[in-house]
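Only a predicted model underlies this, so the values are computations on that prediction, with no experimental measurement involved.
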Amino acid sequence: MSEPDGYERPYAGLEVVDMSQGLAGPACGSLLAAHGATVIKIEPPEGDWARGMGTRHGDHSALEMAVNRGKRSIALDLKSAGGLAVATKLVARCDVFIESFRPGVTARLGLGYEQVKASNPRILYVSVSGFGQSGPYAARPSTDTVGQAFSGIMALNRDDRGQPFRVGFVLVDTVTSLYAFQAVATSLHARRSQGRHIDVSLMQSAAAIVAPNIIEHHLEGGAPRPLNVTAGSYRTKDGWIAITSVKEAQYEAMCRVLGRPDLATEERFADHQRRADAAEELLPILREIILTRTTADWKARFAAAQVLCNEINDFSDWLADPHVAATEAAPLRPQAGIGDLPVARIPGLASTGANLAEAPVTGEHGPALLREIGYSEAEIAALIKDGAVGDPERAAAAAG
């Protein structure tokens, strides 16, 4: 392998079986695929439940396409002897196995870590769950919303009336996938003759990203000051702008731009801590001033003074931005039956993920995968007829 290929596809030759559904586990699998691994997606005959989240486009949803590009799909009925036998064979020969069942389910299927490692001792077995593999809440179901609520993230995200809100995207699932990928990456570097069971939960991942807030809460008796009370969104004459001042010099510059240099010298607003204590007095003043000019006007004035700010974009704004285009931040990638889609590139990969195949239809690669592990054409036909293996042609036809 040449050096450029080694950096862009470090996991070439690595075999991954991804039996997870939703986003957290599948996104970990997609990251492994983007770095060169061969990833086999095992899903039920009706497909990963993520395919039905949001608007459905044939056999796909936006969420599912984002996390399944570059994978090969086989649809298996794990309640059938034939489907379970295929899954067992695939897991027995892989390097990494990702599952997102509730704790104990894979063991009942004969695919638990202890059972798998008996025949595949070097396997890295990744369990993604809501609350982890042990503890009093291990059996509880969880989702991104539950994770945000349990962790305290929603309590941090309040409106002016104090009402807590869910962050408007799958934040906890996404960071869980990143921690799972990180754990696999470090485990691959350290792996010798024995693999390991990697336990990654939404609960712990959510806590990890608010670690500073947890420490603050402890040190300040449960009522920590905001880190930066002036940071946030402000209504302008024709829209919204986000402003922040990390350093005192930036706050002073902001006050000068606003025409109120006295707000930087007044004792009650003199530093981060005192501004936090006087937030109810300071913020209405800032909001009233910022409402008097347009977003573009404020952005130009703040930028000239090196104040950190940006207009609040929606995704149309972001996709149309010249910097996004110049850096190929979301190159267009084809998806059969749908057309070209903007796919955000993975940071650190120069290839922009161009090597990844489009997201597969449910069970699309089933027959080919079965041939590769030794099934005859007659055996494949029988498994499809019995419903143990999904029929990709039928799935494609049903998807339209």
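- A distance-only check finds no donor-acceptor pair linking the side chain of Thr295 to the backbone of Thr236 [under 3.5 Å].
- Although no hydrogens or angles enter the test, the distance criterion places a donor-acceptor pair under 3.5 Å between the side chain of Asp59 and the main chain of Thr362.
- With respect to Lys385 and Asp391, no salt bridge is recorded, no charged nitrogen being found less than 4.0 Å from a carboxylate O.
- In this structure, CG in Leu171 is found 11.5 Å from CE in Met154, a value given to the nearest 0.5 Å.
- Counting only distance, with no hydrogens or angles, the side chain of Asp77 and the backbone of Ala388 share no donor-acceptor pair below 3.5 Å.
- Between Ile74 and Ile40 there is a side-chain heavy-atom pair separated by less than 4.5 Å.
- With contacts defined as side-chain heavy-atom distances shorter than 4.5 Å, the pair Val257/Met254 does not qualify.
- Nearest heavy atom pair, residue Ala180 against residue Val126, reads CB-CG1, 4.4 Å.
- Under a 4.0 Å N-O distance rule, the pair Glu266/Arg268 qualifies as a salt bridge.
- Ala85 and Tyr375 make their closest contact through C-OH, 4.1 Å (heavy atoms, listed as atom of the first residue, atom of the second, distance).
- When hydrophobic clusters are built by joining Ile, Leu, Val, Met, Phe, Trp and Tyr residues whose side-chain heavy atoms come closer than 4.5 Å, directly or via intermediates, Leu178 is not grouped with Leu23.
- Ser100 places no side-chain N or O within 3.5 Å of a backbone atom of Ser129 that could act as its donor or acceptor partner.
- Taking all atoms of both residues into account, the shortest heavy-atom contact from Asn310 to Lys299 is OD1-NZ, 4.0 Å.
- For the pair Val361 and Ser73, the minimum side-chain heavy-atom distance is 4.5 Å or more.
- In terms of heavy atoms, Ser193 sits closest to Arg122 at O-CG, 3.1 Å.
- Of the charged side-chain nitrogens involved, none lies within less than 4.0 Å of a carboxylate oxygen, so that Asp340 and Arg333 do not count as a salt-bridged pair.
- Between Phe131 and Tyr137, the ring planes are perpendicular. Angles over 60° get that label, and only those under 30° would be called parallel.
- Ion pairing of Lys237 with Asp297 is absent here, as no side-chain N (NZ or NE/NH1/NH2) approaches a carboxylate O to less than 4.0 Å.
- Other residues, nucleotides and ligands contribute only 12 or fewer heavy atoms inside 6.0 Å of the CD atom of Gln273.
- Side-chain atoms of Arg191 never come within 3.5 Å of backbone atoms of Arg196 as a donor-acceptor pair (strictly under, hydrogens ignored).
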Could you go step by step and tell me if Thr145 and Gln148 meet the side-chain hydrogen bond (donor to acceptor under 3.5 Å, both in side chains) rule?
CA-CA 5 Å; Thr145 299; Gln148 289 193 33; 5.9 Å; no
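- Atoms OG1 and NE2, on Thr230 and His272 in that order, are 7.0 Å from each other to the nearest 0.5 Å.
- Side-chain contact between Glu288 and Leu291: absent, with no pair of heavy atoms (C-beta onward) separated by less than 4.5 Å.
- Atom CZ in Phe101 sits 5.5 Å away from atom CE in Met19 (nearest 0.5 Å).
- Contact check for Ser20 versus Val128: no side-chain heavy atoms found under the 4.5 Å cut-off.
- Hydrophobic clustering, with ILVMFWY side chains joined whenever heavy atoms are under 4.5 angstrom apart, keeps Ile198 apart from Phe97.
- Salt bridge status for Arg69 with Glu358: absent, with no side-chain N to carboxylate O gap under 4.0 Å.
- Seen from the ring of Tyr251, Arg275 counts as a face-on cation partner, given the 6.0 Å and 45° thresholds.
- One hydrophobic cluster holds both Ile373 and Val389 under the rule that ILVMFWY side chains link at heavy-atom gaps under 4.5 Å.
- Between Pro392 and His365, the closest side-chain pair of non-hydrogen atoms is not below 4.5 Å.
- Put simply, the side chain of Asn228 gets close to the backbone of Ser245: a donor and an acceptor are under 3.5 Å apart.
- Side chains of Pro44 and Leu78 form no contact here, defined as non-hydrogen atoms less than 4.5 Å apart.
- Criterion: ILVMFWY side-chain heavy atoms under 4.5 Å apart, direct or through other members. Under it, Ile214 and Val167 are part of a common hydrophobic cluster.
- Hydrophobic clustering keeps Leu188 apart from Tyr113 (ILVMFWY residues linked when any side-chain heavy atoms are closer than 4.5 Å, directly or through intermediates).
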When you look at Leu32 and Ile98, which way does the side-chain contact (heavy atoms from CB on, under 4.5 Å) test go after all the steps?
CA-CA 11 Å; Leu32 291 166; Ile98 307 169; 4.2 Å; yes
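- Here Arg51 does not pair with Glu46 in a salt bridge; the nearest charged N to carboxylate O distance is not below 4.0 Å.
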